[in-house]
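Below is one structure; the comments refer to it alone.
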Amino acid sequence: MEEKRCALVTGGSRGIGRAIAVALAKAGHPVMINYSGNIDAAEEAAMLCATADDMDLPVFIEQTDVSDESSAIKLIQSAEEKLGHLDILVNNAGITKDGLILNMKTEDFQSVLDINLKGTFFCCREAAKYMMKRRFGRIINMASIVGLRGNAGQVNYSASKAAVIGLTKSLAKELASRKITVNAIAPGYIDTDMTKAMSEKALEATLKAIPLRRAGRPEEVGALAAFLASEEASYITGQVIGIDGGMGA
Ligand code: NAP
């Protein structure tokens, strides 16, 4: 029997990450779900993964703040040990701390960069060591439409996501010879806890700007990630795939 490809999803306990973890489990991948603080959500996500297929695949949860270098390294090592091998890394953990630049505190700029960008870098660097030896890997980084187009009130967040896109493209070039693909997903407006904080007025304006006239569903991003992780996607690397209802077209 062919060996199963194993996956780690950072920030896999809620929202888009949870949907990605479930989609990967449905596709037959043993999964580790990382979270930062909310254990109830992580356990719920693990339960959904465990019941996503009838193959009785293992599911693990691991609490780690990916912005802390030594913790991020330990997370990857733990995924290697518990799953047996880490083949698919989804760098999805992310936060926002919005505000117009004149009011933005330096620590709010820094913490967004630390989690969204440095966390992605730490996990990619450690996972690449194992993937390079095995000559296989799928790395999927969560960017955003605002990393491509910008958004008032999000200089920190959009800078972090633009940087994730640069990191993705460079890393794809570095790792291609080892059959490791590296791609970014750039969602538009997806209905999760992150976007629930929006005011009614801002939500109305956002929906008007979406040609498909609705928010995206986390499961739609999950399906895209599962495809990028699949054998069928082996010739796709260094790409930024938009999933935004036409907003970025
Ligand atoms: P969400 O619902 O707020 O979930 C965030 C997830 O990240 C949670 O599982 C959270 O775990 C985890 N997390 C936060 N800080 C972490 C840290 N330091 N270390 C490890 N895990 C951490 O967010 P979402 O909307 O699903 O967004 C997921 C990703 O998609 C993010 O990178 C976001 O920037 C990106 N994105 C979202 C949208 C959208 O419209 N929703 C659009 C474009 C891009 P805890 O609950 O334990 O804290």
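Order of appearance sets the numbers: ligands from 1, and atoms from 1 within every ligand. The model shown is predicted, which means the values in this text are computed figures rather than measured ones.
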With E69 via salt bridge (charged side-chain N to carboxylate O under 4.0 Å, His left out) - residues at least two apart
R125
Applying a strict 4.0 Å limit to heavy atoms, is A143 in contact with ligand 1?
yes
When only distance counts, is N92 in polar contact with ligand 1, meaning an N/O pair under 3.5 Å?
yes
Quiz item: cation-pi between R14 and Y35, 6.0 Å / 45°:
no
Between S70 and D68, a side-chain donor and acceptor under 3.5 Å
yes
Which bit of N38 is near ligand 1, meaning a heavy atom under 4.0 Å away: side chain, backbone, both or neither?
both
Pair listing, salt bridge (charged side-chain N to carboxylate O under 4.0 Å, His left out) test, anchored in residues 135-149, at least two apart:
none
Roughly how far, to the nearest 0.5 Å, is CD1 of I243 from CG of L224?
5.0 Å
Under 4.0 Å to a heavy atom of I190 - the qualifying atoms of ligand 1, by number
39 (C), 40 (O), 41 (N)
Minimum distance, heavy atoms only, to atom 13 (N) of ligand 1: which one of A72, G12, A42, S36 is it?
S36
Below 3.5 Å, N or O to N or O, backbone or side chain included: is there any such pair between M142 and ligand 1?
no
Have a look at S71, G188, P218, S144 and point out the one with the heavy atom closest to atom 42 (C) of ligand 1.
G188
